[in-house]
Amino acid sequence: ASLLSGRAAHSYIFAGPAGVGKMSAAMWFAMGLMCETPQEGVACGLCSSCRRFSKGNYPYLKVISPEKNTIKISQVREIRDFLKYKVEESVHRFIIIDEAETMTPEAANSLLKILEEPPMRTTFILLADNLTRLFPTIISRCQVINFTALSRETISEILLDRGFNAEDIAWVLPVAQGSAGRALEMIEDEGLKENRGKIISFLTSLPVDANRALEFAQECSDIEISL
């Protein structure tokens with residue numbers, strides 16, 4: 001609805017499990033709103049704004065990610081500096097904060113002051129894997145968009161589009177927990193694939209004697225794997 005109308009709220013929270021496309025959706029949303037020739041709200045991908053967005057050099061977009069597992073107050077100050085510059089009336093600015101729940105209390109309080117008096121033509125998109133870890137006062141100033149786990153069919157399509165074969169996809173889907181990000185991480189991990197094969201080989205060879213069972217347990221003592 002926002003894309004079709006060409007209008008966006010000043011702040012959103014995209015909340016849901018990791019690896020289900022919150023960042024992709026945030027970038028797609030921002031790109032759609034700034035596209036010069038959108039098609040039913042969808043970015044054309046060809047105009048100058050879309051091309052700059054795709055290349056990562058769109059000047060009115062700022063993405064903040066955790067540094068050493070936390071978002072610090074210094075990073076929120078960077079946002080304040082970013083917002084000091086005046087922009088043309090046709091321009092809309094976007095601030096995307098990844099893993100927003102990792103903000104320190106100082107950073108969260110500083111961001112809250114900005115959200116209480118949001119600048120014109122500016123949209124904040126906070127991405128959060130765990131909504132309960134965000135300050136209630138921040139949540140109250142944002143529109144919450146809930147993301148859910150992806151279906152196995154959707155994850156399978158994503159992996160097929162990335163060029164992975166059906167056999168590898170089949171073993172990843174049951175343990176991906178609805179996360180395309182987790183599925184990609186697992187399917188690209190050659191060590192994980194090797195360890196999984198080792199365990200399956202042992203299981204299919206059962207029963208074995210006690211010495212072999214003990215030997216295998218020692219081989220797998222440092223393996224972490226989901227089957």
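Keep in mind it's a predicted model, so treat the numbers as computed, not measured. Throughout, residue positions are numbered sequentially from 1 according to the sequence presented.
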Roughly how far, to the nearest 0.5 Å, is [atom2] of [Y] from [atom1] of [X]?
{"X": "Leu184", "Y": "Ile155", "atom1": "CG", "atom2": "CD1", "result": "9.0 Å"}
{"X": "Leu131", "Y": "Phe14", "atom1": "CG", "atom2": "CZ", "result": "13.0 Å"}
{"X": "Leu33", "Y": "Ser49", "atom1": "CG", "atom2": "OG", "result": "11.5 Å"}
{"X": "Thr137", "Y": "Lys113", "atom1": "OG1", "atom2": "NZ", "result": "12.0 Å"}
{"X": "Leu206", "Y": "Arg212", "atom1": "CG", "atom2": "CZ", "result": "10.0 Å"}
{"X": "Tyr58", "Y": "Cys50", "atom1": "OH", "atom2": "SG", "result": "9.5 Å"}

Identify the two heavy atoms, one from [X] and one from [Y], that lie closest to each other, and give their separation to 0.1 Å.
{"X": "Asn57", "Y": "Arg52", "answer": "OD1-O, 2.8 Å"}
{"X": "Cys142", "Y": "Ile13", "answer": "CB-CG1, 3.6 Å"}
{"X": "Gly45", "Y": "Met31", "answer": "CA-CE, 4.1 Å"}
{"X": "Val20", "Y": "Leu150", "answer": "O-CD2, 3.9 Å"}
{"X": "Ile64", "Y": "Gln75", "answer": "CG2-NE2, 3.7 Å"}
{"X": "Val175", "Y": "Arg182", "answer": "O-NE, 2.7 Å"}

Is [Y] close to [X] at the side-chain level, that is, under 4.5 Å between some pair of heavy atoms?
{"X": "Arg93", "Y": "Leu83", "result": "yes"}
{"X": "Leu3", "Y": "Glu40", "result": "no"}
{"X": "Ser11", "Y": "Leu126", "result": "no"}
{"X": "Lys22", "Y": "Ile125", "result": "no"}

Inspect the surroundings of [atom1] in [X] and state if more than 12 heavy atoms from other residues, nucleotides or ligands are less than 6.0 Å away.
{"X": "Arg80", "atom1": "CZ", "answer": "yes"}
{"X": "Glu36", "atom1": "CD", "answer": "yes"}
{"X": "Asn69", "atom1": "CG", "answer": "no"}

Is it the case that [X] and [Y] place a side-chain donor and acceptor less than 3.5 Å from each other?
{"X": "Ser65", "Y": "Glu99", "answer": "no"}
{"X": "Thr122", "Y": "His92", "answer": "no"}
{"X": "Ser74", "Y": "Lys72", "answer": "no"}

Would [X] and [Y] show up in the same hydrophobic cluster when neighbours are defined by side-chain heavy atoms closer than 4.5 Å?
{"X": "Met23", "Y": "Ile158", "result": "yes"}
{"X": "Phe135", "Y": "Ile139", "result": "yes"}
{"X": "Phe82", "Y": "Met34", "result": "no"}
{"X": "Phe29", "Y": "Val144", "result": "no"}
{"X": "Met186", "Y": "Leu160", "result": "yes"}

**Asked** Can you tell which of Val76, Leu127, Leu111, Val63 makes a side-chain contact (heavy atoms from CB on, under 4.5 Å) with Ile97?
**Response** Leu111
**Request:** Using the side-chain contact (heavy atoms from CB on, under 4.5 Å) rule, pick out the option among Ser54, Ser48, Cys47 that qualifies with Arg51.
**Result:** Ser48
**Message:** In terms of relative ring orientation, are Phe53 and Phe94 parallel, tilted or perpendicular, with 30° and 60° separating the classes?
**Reply:** perpendicular
Is it true that a side-chain atom of [X] and a backbone atom of [Y] form a donor plus acceptor pair closer than 3.5 Å?
{"X": "Ser110", "Y": "Glu106", "value": "no"}
{"X": "Ser179", "Y": "Ala18", "value": "yes"}
{"X": "Asp189", "Y": "Glu185", "value": "no"}

**ring-ring contact (aromatic ring centres under 6.0 Å, His included) evaluation trace for Phe124 with Tyr12** = CA-CA 6 Å; Phe124 287 80; Tyr12 297 90; over 10 Å; no
**Item:** Worked check of side chain to side chain contact (heavy atoms under 4.5 Å, CB included) between Thr123 and His10
**Value:** CA-CA 4 Å; Thr123 294; His10 67 78; 5.7 Å; no
**Message:** What verdict does the side chain to side chain contact (heavy atoms under 4.5 Å, CB included) test give for Ile71 and Thr104, after you've listed the backbone C-alpha separation in whole Å, the side-chain angles of each residue and the deciding distance to 0.1 Å?
**Reply:** CA-CA 6 Å; Ile71 293 174; Thr104 64; over 6 Å; no
